Amino acid sequence: MSGEKDLDQLKREAAEKAKAAALAKRQAKAAEGAGQKQEPAVSETKPSAPEMATADTSAQNAGGADDLAKKKAAAAAKAKAAAQAKKKREGIVDEEPAAQAPAADSGADAGADDLAKKKAAAAAKAKAAALAKQKREGIVDEEPAAQAQAANSSAGADSDDLAKKKAAAAAKAKAAALAKKKREGIQDTEEPAVEAEVSGAGDADDLAKKKAAAVAKAKAAAAAKRKAMELAGGAGADNESAPAGDDAKAKAAAAAKAKAAAAAKAKAAAAAKAKAAGGDAAAGDDEKAKAIAAAKAKAKAAAAAKAKAAAATKGGASAADSAESEAAPSANQPYLDKYVKVIEENMGSEVLEDFYINKLSKDVPTLVVKRDAYFKLAQFLKFNELLGFDYLSELHGTDFETHMEIYVHLYSYKNRQSVALKTKIDRNDPVIESVQPIWAGADWPECEAYDLLGIKFTGHPNLHRIFLGEEWIGYPLRKDYEPYDVEV
Amino acid sequence: MVSRTEEMILNVGPQHPSTHGVFRLVVHLDGELITKAEPVIGYLHRGTEKLAEDLQYTQIIPYTDRMDYLSAMTNNYVICHAVETMMGIQVPERADYLRVIAMELGRVASHLVWWGTYLLDLGATSPFIYMFREREMIINMLNELSGGRLTFNYMRVGGVKWDAPEGWIQKVREFIPYMREQIKGYHTLVTGNEIFVNRVTGIGKYTKEDAINYSLSGPNLRCTGVKWDLRKDEPYSIYDRFDFDVITHEGGDALARYHVRTQEIEESLKILEQAVEQFPEEGQILAKVPKIIKAPKGEAFVRIESPRGEIGCYISSDGKKEPYRLKFRRPSFYNLQILPKLLEGENIANMIAILGAIDIVLGEVDG
């Protein structure tokens, strides 16, 4: 008996421990890349932890003062701190550098490796600065992601590695161009971070060589990038919601910075490549000038391409983003309009939090309903003559860490139309009405969501842990889940 | 006064061959009548969706083989299709044909397994042997194509992993008339058999409205007369290029489901016939895709027609190389929900005949 008690206690303790650990982890995560979250509200969250410190300082630097010397000094200090941070967090950082790091390492000799690290630090800072600047837009690190994707997709006929190197070289050319501009006295408030980075990275000898190679590659990369940008679609789209003004400039700078990040990582590799390419491309001032010109042109092209992508894509990314970038009407737009009209006429304009066409998901009309109106709207969707969504295709929950979300995919066999219904619920008290009384097919899926995510569906006739059993501790599909193991 | 015998609880499974896997059914009996049936599932739950959160998209594909292991090709396809939809990847034509041929061969094989095992459930042994003979031929063909008998891991985001080996298309071409001939034989052996027909007529019956309300799909839906096939109605891949019929029957009982499935084999053969005719002489089998595949930030839900019904894949991505959340809409899981309703008030002797007619794969039910 006491043994049984012990076991119970053990379980409780373990659960508590898991919770505490999870909480800590979540906090750490919340501090880290806000980019992992899809919630528009996340825009308030700070950028990733290692980058945060630098981001703040650089924000101050870049935003307020125009004292260049001060900025440089700060940048130098930051580079060191960041380098250390970088060493510590190798691999958990932004996945992009992590992905490229191996490539850089493998191509690097011992000396170059060190250099690459330093440069990576500088690059991280550059990114952080960009982040800080764009914080108000809630843009986090899709930018580098989009760029990286562009780099990846530029593979074209060649291998992926080559593309990466190309992107790296191109980015460097750009960064150099910016730095040069600066040196020539052209004031540009966006630049300090990049400047610092380049001066950190700039052992001139290598640079000249690499730049020469960059010229040749810049063109190909630019073309590939434009193409890839459209492919990158939604990722890029998020960035476009910025107010017009200095938007394009900021973006160009951000792009250069993001690329510089990639460049720093792959620098060693790029250097090797540059040497190989050195044969055809004569190094010299001439080339340098050309590189600068090319880089400038490319930055412009990138900005333009992005603007285009923004117009063309409508991210289903997050509710808020997609709502405001409704550009090209979809074939399903009339249906969405119809649903919204019918719903608003009958239930008032208060029930819907948002509605949009999800371009990523075969243009399905998507309704985001307020939690309190979820059940009523579900009922309405099924029984209204004009809507008649009689078939529940899919129901599941997702833990978005800031909240939970229920996703329901409905189909009307009468009207031959689909709709996706979503609602956000409180993560700490995940309770929502069951739609099992409306669609009998929601029975087991709701049990599944209860079992794996801990969402309680009120009014469900037989809510139980359908897969794991009632004794299971924790909800595995929650992001902070820690497996409970008696033996550990 | 209505007399009732004392309630008896009968436990069926989880290790019982007629449950087609590890499915447990707790049946409450009043004499020989079922008063209540409680399905117990989860014995094969492997947490695919949780595992997938730490895996890159390409790494997830082999996991999908293990869901519906009788039709792994459609599972491969659904996740690739979801990622391709999100990324806007255009699959090369040759790859599309290879995919369709593989999927339709898989559908034939899957329906053959159902056909054979269903009759085995009902006590007929020899059809099972015949149908597994033909199924083995299909599996050998898919083995030549992919290197696996059941867990193919054949498709990739943007295309397929392997091109058809020398002479493989010819093999498929020759298989089609052979299979048609065999089906004729099966029908003479089983379909016209009076004992069989009487055994399955009118059991496990439900209406069109019930089928839709319970989220049934595939043959389980079409047996009530709903003409709905995602290959036809929401065409994906290159299915809009083929001429085939959507088989429906009005009965809504086990016999109607039997007819739907057996006739679907012939429709699949029709598709195969056209696909091998149109098969492009040469071409790429994999689109230009990034080495590290990253679905753009956002979410997508796609659904396709598997032999068991509508298999769907939901991806929520935060732009990384792993999905933030992956969810499979598994047809067997949804189709099985109606079982307690079908069994209530039925004779215990009909239990296995009703369960078998739903055609479940437990790997898919448990996810």
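In what follows, chains carry the letters A, B, and so on, assigned in the order in which the sequence lines appear, proteins first and then strands, with residues in each chain numbered from 1. Since the structure is predicted, the reported quantities are computational estimates derived from the model, not experimental observations.
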**Student:** Return yes if some donor-acceptor pair links the side-chain N/O of N75(B) with the main-chain N/O of R66(B) below 3.5 Å, else return no.
**Tutor:**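 Side chain of N75(B) to backbone of R66(B): no pair is present.
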**Student:** Looking only at side-chain N and O atoms, does Y413(A) offer a donor or acceptor that is under 3.5 Å from a partner on W228(B)?
**Tutor:**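 Yes, side-chain donor-acceptor contact under 3.5 Å.
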**Student:** Please classify the contact of E209(B) with chain A as side chain, backbone, both or neither, using a heavy-atom distance under 4.5 Å.
**Tutor:**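 Contact with chain A: none, neither part.
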**Student:** For R46(B), is it the side chain, the backbone, both or neither that has a heavy atom under 4.5 Å from a heavy atom of chain A?
**Tutor:**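 For R46(B), neither part sits under 4.5 Å from chain A.
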**Student:** Taking side chain as everything from C-beta outward and backbone as N, CA, C, O, which of these in Q436(A) sits under 4.5 Å from a heavy atom of chain B? Side chain, backbone, both or neither.
**Tutor:**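 Neither; nothing under 4.5 Å.
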**Student:** Between N11(B) and R24(B), is any side-chain donor less than 3.5 angstrom from a side-chain acceptor?
**Tutor:**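 Per modelled atom types, N11(B) and R24(B) side chains form a pair under 3.5 Å.
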**Student:** K227(B) versus chain A, heavy atoms under 4.5 Å apart: side chain, backbone, both or neither?
**Tutor:**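 The backbone, not the side chain.
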**Student:** Given heavy-atom pairs under 4.5 angstrom as the criterion, report whether the side chain, backbone, both or neither of V226(B) touches chain A.
**Tutor:**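 For V226(B), the side chain is the part near chain A, not the backbone.
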**Student:** Side chain of R257(B), backbone of G252(B): donor and acceptor closer than 3.5 Å?
**Tutor:**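 Here the side-chain-to-backbone pair exists.
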**Student:** Side chain, backbone, both or neither: which part of L221(B) has a heavy atom under 4.5 Å from chain A?
**Tutor:**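 For L221(B), the side chain is the part near chain A, not the backbone.
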**Student:** If I measure from the heavy atoms of chain B, does Y391(A) come under 4.5 Å with its side chain, its backbone, both, or neither?
**Tutor:**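 Both backbone and side chain of Y391(A) come within 4.5 Å of chain B.
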**Student:** Is it the backbone or the side chain of F333(B) that comes under 4.5 Å from a heavy atom of chain A, or both, or neither?
**Tutor:**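 Its backbone and side chain both get close to chain A.
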**Student:** Identify which part of R416(A) has an atom lying under 4.5 Å from any heavy atom of chain B, answering side chain, backbone, both or neither.
**Tutor:**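 Interface part for R416(A): side chain.
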**Student:** Please classify the contact between A420(A) and chain B as side chain, backbone, both or neither, with a heavy-atom cut-off of under 4.5 Å.
**Tutor:**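 Neither the backbone nor the side chain of A420(A) comes within 4.5 Å of chain B.
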**Student:** Applying ring-ring contact (aromatic ring centres under 6.0 Å, His included) to F389(A) and Y411(A), what does each step give before you reach the verdict?
**Tutor:** CA-CA 5 Å; F389(A) 289 102; Y411(A) 189 79; 8.0 Å; no
**Student:** Give the intermediate values and the outcome of side-chain hydrogen bond (donor to acceptor under 3.5 Å, both in side chains) for residues E299(B) and S361(A).
**Tutor:** CA-CA 7 Å; E299(B) 60 182 0; S361(A) 181; over 6 Å; no
**Student:** Contact part of L336(B) toward chain A, heavy-atom cut-off under 4.5 Å: side chain, backbone, both or neither?
**Tutor:**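 Backbone plus side chain of L336(B), per the 4.5 Å heavy-atom cut-off to chain A.
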**Student:** Does atom CD of Q90(B) have more than 12 heavy-atom neighbours from other groups under 6.0 Å away?
**Tutor:**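 Atom CD in Q90(B) is not crowded, with 12 or fewer foreign heavy atoms closer than 6.0 Å.
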**Student:** Is chain A contacted by the side chain of Q337(B), its backbone, both, or neither, given a heavy-atom distance below 4.5 Å?
**Tutor:**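 Answer is both: backbone and side chain atoms of Q337(B) are under 4.5 Å from chain A.
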**Student:** Counting only non-hydrogen atoms closer than 4.5 Å, does K327(B) touch chain A with its backbone (N, CA, C, O), its side chain (CB onward), both, or neither?
**Tutor:**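 The answer is the side chain of K327(B).
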**Student:** Examine whether an atom of F301(B) lies under 4.5 Å from a heavy atom of chain A, and if so say whether it belongs to the side chain, the backbone or both; otherwise answer neither.
**Tutor:**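 Both backbone and side chain.
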**Student:** Counting heavy-atom pairs closer than 4.5 Å to chain B, which one of L468(A), D399(A), T366(A) comes out on top?
**Tutor:**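 That would be D399(A).
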**Student:** Using the ring of each side chain (for Trp, its six-membered ring), is Y236(B) parallel, tilted or perpendicular to Y239(B), with breaks at 30° and 60°?
**Tutor:**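 The arrangement is perpendicular - the two ring planes meet at more than 60°.
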**Student:** Is D233(B) in contact with chain A via its backbone, its side chain, both, or neither, using a 4.5 Å heavy-atom distance?
**Tutor:**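 For D233(B), the contact with chain A is made by the side chain alone.
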**Student:** In terms of the angle between their ring planes, are Y475(A) and Y450(A) parallel, tilted or perpendicular, with boundaries placed at 30° and 60°?
**Tutor:**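 The arrangement is tilted - the two ring planes meet at 30° to 60°.
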**Student:** Between atom CG of L453(A) and atom CD of E405(A), what is the distance when rounded to the nearest 0.5 Å?
**Tutor:**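 Reported value, rounded in 0.5 Å steps: 11.5 Å.
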